[in-house]
Asks: 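Below is a structure I'd like to ask you about.
Below, read A as the first sequence line, B as the second, and so on, with proteins coming before strands; counting in each chain starts at 1. Model, not experiment: these values are computed from the prediction.
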Amino acid sequence: MTLGEAEMAFLQKSFQEYYAEASSSLQPPKAFDKREFGFIPFRREKSMMRHKGFKSLPDLAAFLVNFTPSDAYYSSAYYERPEAEDMAGKGWLGADLIFDIDSDHIVTSCKTVHDSWKCLDCGLEGWGVEPEKCPRCGRRRIEADKWVCEQCLEAAKRETLKLLSMLEEDFGFSQAKLEVAFSGHRGYHVHVADEAILKFSSEERKEIVDYVSASGLKASLLYPELRRRSTREVDFSAEGWRGRIARAAYSLLLRKGEELKELGLTGKAVRLLEENREKLLRELSAGDAAGIPWKTWERLLQAAASLEAALVDTVVTTDVHRLIRLPGSLHGKTGLKAVLIESRKLPEFNPLTEALAFPEERNVKVKIVKPKPLKLGGAEYKFKAGEIVEVSWSPAVYMIGTGIAVLLKGGLQPSEA
Amino acid sequence: MSGEEPTIIDHARYPFTKQASEKLRQIGFKLEDFRSPEEPPVARARERIEKSAKPLKEVKPPEIFQGSEEYELLSFPLALALAKAVGDSYLWRRLALYEARVARGRLEAEDPGKIVKIAVENFGWKLSFNGKSHPPFRLHFADYLRNASRFREEEWKLVNQRLAGGYVQLTKERVVRLLEEEVKRLIQSRIERAPEVEVPEPLRGLVEELKAFYAGVRKVLSREELGRVRFEAFPPCMASLYFDLSGGRDIPHIGRFTLTAFLINLGMPIEEIVRLYVSVTDFDERMTKYQVEHIAGLVGGKTRYRPLNCGRMKTHGLCPREEELCKRVRSPLAYYRLKVKQLSKAGRPGKT
């Protein structure tokens, strides 16, 4: 999807006004002058401008107003010379630990409602997440049409909360070291700035990703006593994954038979669990899993791990030169603010009301070209294709940026603000 | 007791520590003070270097006899200086590996307080011991990962540890194993960073001998362990992986995979490949055998794997340089076959 000239000009003008107003509320990363900045311009050719450095916040603010990029990023890394064009010349000093949680990677039921795909070869169409290859012709040229809704964002938030609790409890990072930001579109970013992880290589960062996503977790290694038949104590209160999987396994036992089968349990095991559920749950609450065959218990623990895993993007965390969206800047597609959120306030945070960047009182006339369900600023929008509507500024930017609407000629009210 | 000041015996046992270095400064260690290869510290330094060529499994901490503590201590910086003078980075890695293994052997017999003291004072570890909890040691995850992220076994993965409040709970055996890594890196970087060594006249012959000795070790390693396989026909990528591995350097998983597949495809017997891994690394023999058999297609999916081709080797950063012959082939195996053909045409075994 490419934007028309008028749409792009509208977005850029809107962003410019935002940056002129909001430059004082930009939330700059620490050690500002050691970071590399990158920008995507409002142009057809969306190649990134990299290797920029700024000495001060006013310099950056002035740049954002004058250049008005579609997207603004900064490096998770600290460099001696952020403006050097090659990595070797930059002088890497270390990097924050960052996590990217993107609802795109999380399976949610709403995807069958708002996502669809089309095979470019045979024309077959379907709802939901796109298949790797076309089920009819078997070819791989598949075009996906994706959308993000409140439910997707809630799913991303749940993953972020799981991640935060592990970072605080298991890794012992204090809240002061953690920063959470809405990404401006589909998910959240978590930044950890701590001396302990500053110099970590990709390998060490990979181990942390594997930890939070339970990748490579072996229940039998966390419970080495599992195979000793005499005792099978359940350590609900244990810290880290040992306790986490025990607690989650308990809740798994409350599930229906078919669901248990899906976890890889045998028919025999499921029957045993179902027939003795009351008794087993009672024994488990008392900390004893001896009534459950050890192989079944191991499977339950293992399945519990994948439920409790935080789904983060491995590549982002292990890349020590990564550029990440600048908090306080706007997302080029949605016009939503990449806002920083205090981690304890995340449960109540609603990006669809709290990340709006533009004043409500101005309206814009747009024509709907591709209707999608949209909820923004407390209002729900349901339109038909071809409809001409007048909406306030933030939803107008969102609709135009995501391509579900185009600007109606003369639809833009003159700005006096 | 951990509170006590270390003695000369401690310095001799752990010559890489800060206190041992301080002691050496007090003694006034200078290479030019040694006049003959026969002097006990020099003879002992030579022994250290020679022993470092042995398979790791055979390394046992040598006994330190009463009265020889100072010689023992002096022989450590001497061995490092001689290794530097020999100039073979393969020897440097092996020596670091050997010394670290010796240290581990000794640390295993120490009381917890001593282990904590050495780790904290020399490596800045956040490590504590509490006899009442099980396992009893607590190590900060950053110190843990700096050393354990190189290990490939599942039981070393952070996700399979007990982690709480930033600390990993560990047994003594594991703490000591991680310390071995730290000691290895320390010694290796000490040799690498040392300024060029001016060898005094009386020791120059010894340096030449050690040079020849280590060149021999490399050859023997390649001949004995590779069996019928002709090392001189290895492409640069495989030769470099092979020497990194036998030199105790960590090679990434994909590198081990491709080297193994390469050796299997050359027809090297499984047992010999397993022996190669087990003799120079910490890999568990049973597990290694299983993995090698897997790559050979004897177990598991029954697919016999081939090593990566040149393009993928480059993608993974495993291609060190392109030689003339490399330009004519697209895979390490093709290079080997072509090179063997060339060598037999020349009618003589080539040189590495």
Asks: Over all heavy atoms of both residues, which pair between B:Ala142 and A:Ala196 is shortest? Give the atoms and the distance, please.
Replies: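 B:Ala142 and A:Ala196 have their closest heavy atoms at CB-O, 3.6 Å.
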
Asks: Tell me if the CZ atom of A:Arg247 is crowded by more than 12 foreign heavy atoms within 6.0 Å.
Replies: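 It does: A:Arg247 CZ has more than 12 such atoms within range.
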
Asks: Please tell me if the side chains of B:Leu158 and A:Asp210 come closer than 4.5 Å, counting only heavy atoms from C-beta onward.
Replies: no

Asks: Which residues satisfy the side-chain hydrogen bond (donor to acceptor under 3.5 Å, both in side chains) test with A:Glu207, sequence neighbours excluded?
Replies: B:Lys157

Asks: Tell me, side chain or backbone of B:Gln169 under 4.5 Å from chain A's heavy atoms, or both, or neither?
Replies: neither

Asks: Answer yes or no: does atom NZ of B:Lys289 have more than 12 heavy-atom neighbours from other residues, nucleotides or ligands under 6.0 Å?
Replies: no

Asks: Check whether more than 12 heavy atoms from other residues, nucleotides or ligands sit under 6.0 Å from atom CZ of B:Arg330, and answer yes or no.
Replies: no

Asks: Which answer fits A:Ser215, side chain, backbone, both or neither, if we ask what part of it has an atom under 4.5 Å from a heavy atom of chain B?
Replies: backbone

Asks: Counting only heavy atoms closer than 4.5 Å, note whether A:Glu169 contacts chain B via side chain, backbone, both or neither.
Replies: backbone

Asks: Specify the closest pair of heavy atoms between B:Ser149 and A:Glu204, including all atoms of both residues, with the distance to one decimal.
Replies: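 Heavy atoms of B:Ser149 and A:Glu204 come nearest at OG-CG, 3.4 Å.
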
Asks: Side-chain contact, heavy-atom cut-off 4.5 Å: A:Asp170 with B:Phe141?
Replies: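 They are not in side-chain contact.
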
Asks: Just so I know, are the side chains of B:Leu145 and A:Ile197 near enough to count as touching, which here means a heavy-atom distance under 4.5 Å?
Replies: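 No, their side chains stay 4.5 Å or more apart.
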
Asks: Indicate, with yes or no, if the rings of B:Tyr167 and A:Phe171 have centres closer together than 6.0 Å.
Replies: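 Not under 6.0 Å, so no.
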
Asks: Are the side chains of B:Arg162 and A:Glu239 in touch, meaning some heavy atoms are under 4.5 Å apart?
Replies: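 No, every pair of side-chain atoms sits at 4.5 Å or beyond.
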
Asks: I need the A:Trp241 CH2 to B:Leu163 CG distance, nearest 0.5 Å.
Replies: 11.5 Å

Asks: Could you check whether any side-chain N or O of B:Asn160 sits under 3.5 Å from a backbone N or O of A:Lys218, counting only pairs where one atom can act as donor and the other as acceptor?
Replies: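 It does hold such a pair.
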
Asks: Counting only heavy atoms not in A:Gln175, do more than 12 sit closer than 6.0 Å to its CD atom?
Replies: yes

Asks: What distance separates B:Glu155 CD from A:Ser220 OG, expressed to the nearest 0.5 Å?
Replies: 10.0 Å

